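Here's the structure we're looking at; comments come further down.
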Amino acid sequence: MKEEISQLLEQALKGLVEEGVLPEETRGTAIQVERARDRKHGDFAANLAMMLAKPARRNPRELAAAIVEALPASDLVRKVEIAGPGFINFFLSPQAWHAVVEEVFERGTRFGHSDIGRDEKIHLEFVSANPTGPLHVGHGRGAAYGSTVGNLLEAIGHPVHREYYVNDAGRQMDILATSVWLRYLELGGAELRFPSNGYRGDYIIDIARQLREEHGEAFQQPVESVFHGLPEDAPDGDKEAHIDGLIGRARHLLGEEAFQTVFLTALEDILADIREDLSAFGTEFDEWFSERSLTSGGMVDHALEELEKSGDVYEQDGAKWFAAEKYGDEKDRVVVRDNGQATYFASDIAYHLNKRERGHDRLIDILGADHHGYIARLKAGLEGMGQPGDSLEVRLVQFAHLYRGKEKLQMSTRSGSFVTLRELREEVGRDAARFFYVMRSNEQHLDFDLELAKSQSSDNPVYYVQYAHARICSVFQQAEDKGFQYSRDTGLANLDQLDEDHEDQLMVTLSRFPEVVEAAARNRAPHQLTQYLRDLANDLHTYYNAHTFLVLEEEIRNARLCLVEATRQVLANGLALIGVSAPESM
RNA sequence: GCGCCCGUAGCUCAGCUGGAUAGAGCGUCGGCCUCCGAAGCCGAAGGUCGCAGGUUCGAAUCCUGCCGGGCGCACCA
């Protein structure tokens, strides 16, 4: 609809250039059409005349008059006015709004979708939490935000590949395996002081128990041999040295094969739990990409080769460095340590190179806000490997702070005293959780009040929107109970009988949906969609309270039902995009 | 110290890539159910858009400086 207005203006512009009224260089001026905020200003407004005033050396109002004069006729437009400093205001005809209702039915669940993004393949990485324990509420925000952005991008036609990067390599994983093994020893009757830096959650004990069921006493070792001669743990000693010593001891006493068994059991258990959790949260991935596969598949070496080609890799102090500073990073980065091991930075850029080599035009990473330091170095790395730095787009998700009423809840994976995503889901429900997570801009800190999200009444916005949907369903149920036969065709044929302000308003809001979806997708801003859904629900509730739908006159009744049926469709489409259900009754 | 994010109504936040008189929810106050679901609707009060400059027809929005809050600055993962 916006598009159509824009085209009319384009033709007018073209005409004026050809007539010589406007200089040649204004031909390519980008036409901006926006929704008028106040309906007194019509339905759409264009600032074209103001933008052209300078190059054309004419005053904007005069120019606006010339543009209006040059506009081709259209039956969508009822009236055009010039207002203020030179705005061109368009008033649309009723037929224009009726066409929207028809379009909703024609497109059905795909109303609001488009294909404008079809030429850009997008790789979307999100959540990617270390598989060292259950997901907590911070990951939940990334999951809700990421999956909604994915839905929005798909809705505007982008091919989207959703991926979870599994950090299944490195020291944290070794600490995990060691923690499991220590719990295993405890289950075997050993008494030991659990390392302060180990993973303490109950899930560790569950995994240890499973290990015992599957492997019996195979991994049992005397406690003395495990702890003997290790550096002291905190508070008197160095907890890092202590845990590293324990890892070494575990590897040594168990042997590499048995250690791997413990390691893999822990990894697979936790990963399975995460998959199940995310799936139940309505978040699906196309691929779970293993960090270890980067090394084993030679991708890290390949990336290092590509990087070498830049000529910006040098050796110093026995390590290989990448001159990242030349590419806008704040300092140079080590890629291979003096012990010959590739750094985390090396595997990170190898991963991103791999994403590019898989054919994705744009890489979107959704990261926790504490990772913002990675952006510059990742872009630098990509450029060093001959890839465009701006093919990577990082979206940060700020922290979510959980409150139970006034009480702020503490979170820490290590201590085991966190609130998990699963607990949150069980407590407030998937719909409320998802809606709350994306309701605010991702760049904004989120105060998530459990009591509020749980409250089945009043101030919970997700219920407000869902209620609008349920209410419409209920109206159709009532119609049936009263013996009114609903005919959509009769309704469509009589839309011109709908002349109430509320009906007008509702149709206008329905027509905004495709624009909202596009803007929310382009801006990676799901909260713009939740905002819209509240507007739409409000229009429906207002209309409902002001007018009875199930009136005796058949034409008006069917026309009204037709309008609310379209509304129901749009509510459902919008809720589907954020992964929230559209209930028929509540 | 350097870098990134955020300062908008009492509270929580929008403000659509610079537009017309800055909006919504909650909270407060006052109304609306013999009538399709009151999980709803209508109305009122509430603002120096952190502060100061700058850019232009026009700034909450863009630029600079300052103030305040959060986060990050590893041969850790």
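In what follows, chains carry the letters A, B, and so on, assigned in the order in which the sequence lines appear, proteins first and then strands, with residues in each chain numbered from 1. Fair warning: this is a prediction, and the values are worked out from it, not measured in the lab. The figures that follow rest on heavy atoms only: side chains count, while hydrogens, waters and symmetry mates do not.
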Next on the checklist: The criterion is side chain to side chain contact (heavy atoms under 4.5 Å, CB included); which residues satisfy it with Tyr467(A), sequence neighbours excluded?
Outcome noted: Arg471(A), His541(A), Met586(A)

Item to check | Worked verdict on Arg377(A) versus Asp348(A) for salt bridge (charged side-chain N to carboxylate O under 4.0 Å, His left out) | outcome: CA-CA 10 Å; Arg377(A) 74 185 75 161; Asp348(A) 252 356; over 6 Å; no

Next on the checklist: Say we look at A45(B) and G25(B): how far apart would their P atoms be, to the nearest angstrom?
Outcome noted: 15 Å

Item to check | With sequence neighbours excluded, residues passing side chain to side chain contact (heavy atoms under 4.5 Å, CB included) with Asn59(A) | outcome: Arg61(A), Glu62(A)

Checklist entry - Distance between the P atoms of C66(B) and A22(B), in whole angstroms? => result 31 Å

Item to check | Residue pairs passing the salt bridge (Lys or Arg N to Asp or Glu O under 4.0 Å) test where at least one lies in residues 520-532 of chain A, sequence neighbours excluded | outcome: Glu393(A)-Arg524(A), Glu518(A)-Arg522(A)

Checklist entry - Which value, in whole Å, describes the distance between the C1' atoms of nucleotides C13(B) and G27(B)? => result 14 Å

Next on the checklist: Rounded to whole Å, please give me the gap between CZ in Phe435(A) and P in A39(B).
Outcome noted: 18 Å

Item to check | P atoms of C63(B) and G18(B), separation to the nearest Å | outcome: 11 Å

Quick one: which protein N/O atoms are closer than 3.5 Å to N/O atoms of nucleotides 34-37 of chain B? Pair and distance per line, please.
unit_1	atom_1	unit_2	atom_2	d
C36(B)	O3'	Gln478(A)	NE2	3.3
C36(B)	O2	Phe549(A)	N	3.3
C36(B)	O2	Leu550(A)	N	3.2
C36(B)	N3	Phe549(A)	N	3.0
C36(B)	N4	Tyr544(A)	O	2.3
C36(B)	N4	His547(A)	O	2.4
G37(B)	OP1	Ser474(A)	OG	2.8
G37(B)	OP2	Ser474(A)	OG	3.4
G37(B)	OP2	Gln478(A)	NE2	3.0
G37(B)	O5'	Tyr544(A)	OH	3.4
G37(B)	O2'	Tyr467(A)	OH	2.2
G37(B)	O2'	Arg471(A)	NE	3.1
G37(B)	O2'	Arg471(A)	NH2	3.3
G37(B)	N7	Ser474(A)	OG	2.9
G37(B)	O6	Met586(A)	N	3.3

Checklist entry - Glu443(A) CD to U61(B) C1': how many Å, rounded? => result 14 Å

Next on the checklist: Using O4'-C1'-N9-C4 for purines and O4'-C1'-N1-C2 for pyrimidines, with syn meaning within 90° of 0, is C33(B) syn or anti?
Outcome noted: syn

Next on the checklist: Going by ring-ring contact (aromatic ring centres under 6.0 Å, His included), name the residues that satisfy it together with Phe476(A), two or more places apart in sequence or in a different chain.
Outcome noted: Tyr486(A)

Next on the checklist: Check this for me, if you would: do Glu325(A) and Arg333(A) make a salt bridge, where the nitrogen-to-carboxylate-oxygen distance has to be below 4.0 angstrom?
Outcome noted: no

Next on the checklist: Going by the rule salt bridge (Lys or Arg N to Asp or Glu O under 4.0 Å), which residues pair with Asp539(A) if we only count those two or more places apart in sequence or in a different chain?
Outcome noted: none

Checklist entry - In whole angstroms, how far is the P atom of A20(B) from the CD atom of Glu34(A)? => result 8 Å

Checklist entry - Reckon Gln531(A) has a side-chain N or O less than 4.0 Å from the OP1 or OP2 of G23(B)? => result no

Item to check | Protein-nucleotide distance (Met50(A), atom CE; U56(B), atom C1'), rounded to Å | outcome: 11 Å

Checklist entry - Is any side-chain N of the basic residue among Glu4(A) and Lys2(A) closer than 4.0 Å to the acidic one's carboxylate O? => result no

Next on the checklist: Among residues 516-524 of chain A, which ones have heavy-atom contacts with RNA chain B below 4.0 Å?
Outcome noted: Ala519(A), Asn523(A)

Next on the checklist: List the residues meeting side chain to side chain contact (heavy atoms under 4.5 Å, CB included) with Gln316(A), not counting sequence neighbours, and say none if there are none.
Outcome noted: Tyr314(A), Trp321(A)

Checklist entry - Does a distance-only test, which skips hydrogens and angles, find a donor-acceptor pair under 3.5 Å between the side chain of Asn89(A) and the base of A20(B)? => result yes

Checklist entry - How does each nucleotide of nucleotides 68-77 of chain B score, in 5' to 3' order, for protein heavy atoms under 4.0 Å: base (B), sugar-phosphate only (S), or none (-)? => result --SBSSSBBB

Checklist entry - Is there aromatic stacking of Phe87(A) against A20(B), centre distance under 5.5 Å, plane angle under 30°? => result yes

Checklist entry - Taking only residues two or more places apart in sequence or in another chain, which ones pass side chain to side chain contact (heavy atoms under 4.5 Å, CB included) with Glu555(A)? => result Asn494(A), Gln497(A)

Item to check | Euclidean distance, Cys473(A) SG relative to Glu565(A) CD, rounded to 0.5 Å | outcome: 10.0 Å

Checklist entry - With a non-hydrogen cut-off below 4.0 angstrom, is Gln444(A) in contact with a base, only sugar-phosphate, or nothing? => result sugar-phosphate

Next on the checklist: Angle between ring planes, Tyr544(A) versus Phe549(A), binned at 30° and 60°: parallel, tilted or perpendicular?
Outcome noted: perpendicular

Item to check | Under-4.0 Å salt bridge between Asp390(A) and Arg362(A) | outcome: no

Next on the checklist: Using atom P in both nucleotides, what's the gap between A44(B) and A24(B) to the nearest angstrom?
Outcome noted: 11 Å

Checklist outcome for this item: By nearest-heavy-atom nucleotide on RNA chain B, the more 5' of Arg534(A) and Ala46(A) is Ala46(A)

Checklist entry - If the C1' atom of U21(B) is compared with that of C4(B), how far apart are they to the nearest Å? => result 36 Å

Item to check | Whole-Å C1' distance, A59(B) and C2(B) | outcome: 29 Å

Item to check | Contacts of Tyr344(A) that satisfy ring-ring contact (aromatic ring centres under 6.0 Å, His included) - sequence neighbours left out | outcome: none

Item to check | Tyr464(A) six-ring centre to Arg534(A) NZ/CZ under 6.0 Å and within 45° of normal | outcome: no

Checklist outcome for this item: Rounded to whole Å, CG of Asn538(A) lies from P of A39(B) at a distance of 16 Å

Checklist entry - CD of Gln528(A) versus C1' of U61(B): gap in Å, rounded? => result 14 Å

Item to check | Between U55(B) and G1(B) - C1' atom distance, rounded Å | outcome: 31 Å

Checklist entry - How long is the line joining OH of Tyr464(A) and P of G40(B), in whole Å? => result 7 Å

Checklist entry - For RNA chain B, which consecutive runs of 3 or more Watson-Crick or G-U pairs (each distance under 3.5 Å) count as stems? => result B:1-7 with B:67-73, B:10-13 with B:23-26, B:28-32 with B:40-44, B:50-54 with B:62-66

Checklist outcome for this item: Output for pair (Asn47(A) CG, Ile88(A) CD1), nearest 0.5 Å, gives 9.0 Å

Item to check | Proximal nucleotide (of U21(B), U12(B), C6(B)) relative to the Arg440(A) side chain | outcome: U12(B)

Next on the checklist: I need the CG-C1' distance between Leu52(A) and G58(B), as an integer number of Å.
Outcome noted: 16 Å

